Amino acid sequence: MAHLHDSVRTLYGVGTALEERLERLGIRTLHDLIWYFPRQYEDRSDIITIAEVKPDAKVTISARVAQIRSRRAFRRRRMHIVEALLSDDSGSIAAVWFNQPYIAKQLRVGDQLLFSGIAKSGKHGFALQNPVYERSQPGKETTHTGRIVPNYALTEGITQKQLRALVKQALTSALGEVEDPFPDEMLRRYDVEPLASALQELHFPASGASFSMARKRLEFQELYFVQLQAQRIRQALHAHRSPEIPFHEAAIKQFVQQLPFTLTTAQRKAAWTILKDMQNGVPMNRLLSGDVGSGKTVVAAIAMLNVVRNGLQAVLMVPTEILAQQHAASLEQLFAGNAVTLALLTSRTRKQTNVQTADVIVGTHAVIQDAVVFPRLGLVVVDEQHRFGVQQRQQLKKQTRGGDMLPHLLSMTATPIPRTLALTMYGDLDLSVIDELPKGRLTIKTNLVPPEKRADAYDFIRTRVNAGEQCFVICPLIEPSDVSGAKSVTTEYDRLRTEVFPDLRIAMVHGKMKSDEKEQIMQRMKQKKIDVLVSTSVIEVGVDIPHATIMMIEGAERFGLAQLHQFRGRVGRSDMQSYCLLFTGSSADQTLRRLRALTKIHNGFQLAELDMKQRGTGEIYGTLQSGFSQSLITFQNPQLIGNAQAAAKDTLAYGWLDSHPQLQRAFSEFTQNIHFE
Ligand code: ADP
Ligand code: MG
């Protein structure tokens with residue numbers, strides 16, 4: 001008997017080769033198999049008679065093998081064909097399998113089996129093409145046909161049949177060990193079913209209705225933990241105080257008036273809400289979400305200026321040195337004539353003395369260390385950094401002299417987070433959205449380039465580069481992988497450098513490089529010492545490369561729309577016309593349609609909503625929120641969100657975490673995998 005956390009090697013039929021392939025899917029243990037949810041399902045539960053079989057429809061029949069033979073094709077001798085004649089009381093039908101000679105040995109004349117497949121008229125007459133088959137024995141459930149069948153995401157060398165059988169084995173031997181974090185009382189109160197049966201049903205649903213119940217249970221669980229986490233943070237924050245920062249109207253009005261542009265309505269609203277939020281002594285915990293170029297910096301500047309005019313300091317934290325320099329430069333411009341002193345603090349600068357006197361400190365993580373002391377910190381603004389939590393905030397409090405107050409927090413992100421999603425992901429976290437771009441921006445001309453136009457695209461890039469502009473090329477992978485056929489940075493870099501653009505300055509950057517190295521390359525790109533930069537998705541959202549006007553994306557189908565939109569935002573940072581060229585190896589209608597949306601829609605929020613509908617949230621927000629990797633949440637059920645919120649409130653009110661250790665355990669596990677704020 002195998003256990004939940006045993007290796008997949010303990011399963012029947014798993015050797016080193018299969019173990020390695022499973023590992024590629026992130027599956028190492030039986031537990032992993034059980035939590036590897038199907039991508040989609042096929043309903044093969046309707047068993048019809050042979051007489052009812054219609055051409056080109058997916059059908060399932062229960063039939064007897066009347067004849068079977070195996071041969072090579074006449075013309076293409078390398079093709080192997082197995083042919084069978086299947087019959088039931090209503091008639092008979094042919095079946096053919098190509099290049100699976102072993103089937104002739106598996107099937108015997110007289111065998112009674114279930115067959116699922118599509119019947120087509122072809123060179124071999126009217127026949128079921130490559131049908132899946134399975135013996136149905138009384139009292140034993142089928143796995144591959146005659147039921148609703150799960151289909152999983154696969155990798156080279158693993159078939160649906162194999163994976164289904166493995167999941168089934170894992171369920172049979174280890175499902176009993178799965179611990180339900182929810183006490184019975186909770187199951188009853190919120191009308192959700194036990195975890196074990198939900199998992200079983202999610203893989204092998206007995207009916208559409210039981211599948212919905214299963215899904216509801218897992219969706220509820222995710223939503224509940226999210227809400228619980230959010231409410232715990234809120235509770236914790238309410239135990240602290242932050243400085244009361246009144247609205248310094250005169251200073252802010254003057255600042256806004258002398259800006260070289262008029263604020264958009266969305267910017268005004270966001271700024272106003274933030275200022276109000278800092279007025280009482282409750283720590284602000286606000287997320288500001290807005291497309292690249294929507295003007296988040298000036299909104300943050302307004303908040304910082306208000307803090308400064310109240311005699312306090314503000315810190316702006318960014319992930320990299322280069323962004324710190326960039327932000328320091330743009331704040332310097334924005335604050336010109338406003339009597340605000342600025343300091344830059346990164347691991348390289350270390351001018352800590354400035355920190356004592358500066359009003360606004362722009363820095364990297366180097367800001368968070370005991371050696372840095374702030375005389376009077378009032379606000380922390382965090383730009384594009386997802387790992388800034390309660391701990392870091394408490395640490396900053398420690399660094400504030402005489403500090404018994406938590407600084408207010410404003411996080412900014414260019415990831416467009418639609419409100420429905422934000423509610424679900426962050427509970428009732430405070431969110432401000434800038435959902436409009438300043439007027440007069442050129443839209444980035446976006447094209448889905450057919451494969452035969454690739455050479456033209458390269459010619460176009462060369463023309464632009466000769467005119468003094470720069471280009472990004474994004475590839476989905478770092479190393480070549482024969483499995484997927486997707487383009488990798490390293491091979492694409494070599495090819496562009498030697499074959500396509502031997503006369504241009506090409507460089508590459510990817511996630512496995514040291515951060516110093518990455519920064520140097522970005523710096524050189526900024527200084528126009530590189531013409532074409534080949535990269536994975538690592539290059540930061542915020543870096544301004546004013547002369548970059550072309551964003552070329554390989555294997556575009558591998559990215560979500562919201563992510564593609566973010567890549568696109570790396571060009572178009574000046575008044576020059578910019579372009580985004582999408583390439584895909586896929587010819588599937590659905591993929592092409594999805595990508596074409598980018599050529600028409602230029603609003604990140606709209607694209608994110610579209611993405612959510614089409615692909616679920618996990619793939620899109622996976623980078624942001626690893627906890628949603630299974631993408632079960634569909635947002636189709638607002639009542640469920642309400643229930644999850646109520647359950648989270650009840651949990652804290654009644655102290656269920658203390659009285660139910662299994663709930664506490666599951667919650668800790670969840671919080672380790674997921675990061676808020
Ligand atoms: P992001 O939201 O991506 O951080 P930024 O704050 O860097 O965007 O702003 C992008 C550019 O737009 C900057 O050059 C900024 O000065 C300019 N900008 C911001 N707000 C406006 C506005 N209301 N009208 C015109 N330009 C603006
Ligand atoms: Mg920015």
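Since the model is a prediction, treat every value here as computed from it, not as a measurement. Counting starts at 1 for both ligands and their atoms, following the listed order.
A side-chain N or O of R454 and one of Y458 form a donor-acceptor pair less than 3.5 Å apart.
Nearest non-hydrogen protein atom to atom 15 (C) of ligand 1 is F261 CE2, 4.3 Å. Of the protein's heavy atoms, R441 NH2, 2.6 Å lies nearest to atom 12 (O) of ligand 1. For atom 9 (O) of ligand 1, the closest heavy atom belonging to the protein is G295 CA, 3.6 Å. Counting protein heavy atoms only, atom 20 (N) of ligand 1 is closest to Q267 NE2, 3.0 Å. The protein heavy-atom contact nearest to atom 24 (N) of ligand 1 is P438 CB, 3.3 Å.
Using a 4.0 angstrom heavy-atom cutoff, D291 counts as in contact with ligand 1. For the ligand labelled ligand 1, residue G293 lies inside the 4.0 Å heavy-atom shell. Within the structure, ligand 1 lacks A414 among the residues with a heavy atom less than 4.0 angstrom away. The shortest heavy-atom distance from E436 to ligand 1 is not under 4.0 Å.
Here is the list of ligand 1 atoms found below 4.0 Å of a heavy atom in T264: 23 (N). Listed by number with element, the atoms of ligand 1 under 4.0 angstrom from any heavy atom of V292 are 3 (O). Listed by atom number, the atoms of ligand 1 under 4.0 Å from S294 heavy atoms are 2 (O), 8 (O). Within ligand 1, the atoms closer than 4.0 Å to a non-hydrogen atom of T297 are 4 (O), 5 (P), 6 (O), 7 (O), numbered from 1 in the order shown.
Here the side chains of T400 and M405 are not in contact, with every heavy-atom distance at 4.5 Å or above.
The part of T262 lying near ligand 1 is the backbone, judged by heavy-atom distances below 4.0 Å. Proximity of K439 to ligand 1, defined as any heavy-atom pair under 4.0 Å, is not found for any part of the residue.
In this structure a side-chain-to-backbone donor-acceptor pair under 3.5 Å is missing from N447 to L581. D291 places a side-chain N or O within 3.5 Å of a backbone atom of G604 that can act as its donor or acceptor partner.
Taken from CD in E517 to NZ in K512, the straight-line distance is 13.5 Å, to the nearest 0.5 Å. We find the CZ-CD1 distance between R309 and I245 to be 13.5 Å, quoted to the nearest 0.5 Å. Atom CZ of F559 and atom CZ of R594 lie 10.5 Å apart (nearest 0.5 Å).
Here's the thing with V298: none of its N/O atoms is less than 3.5 angstrom from an N/O atom of ligand 1.
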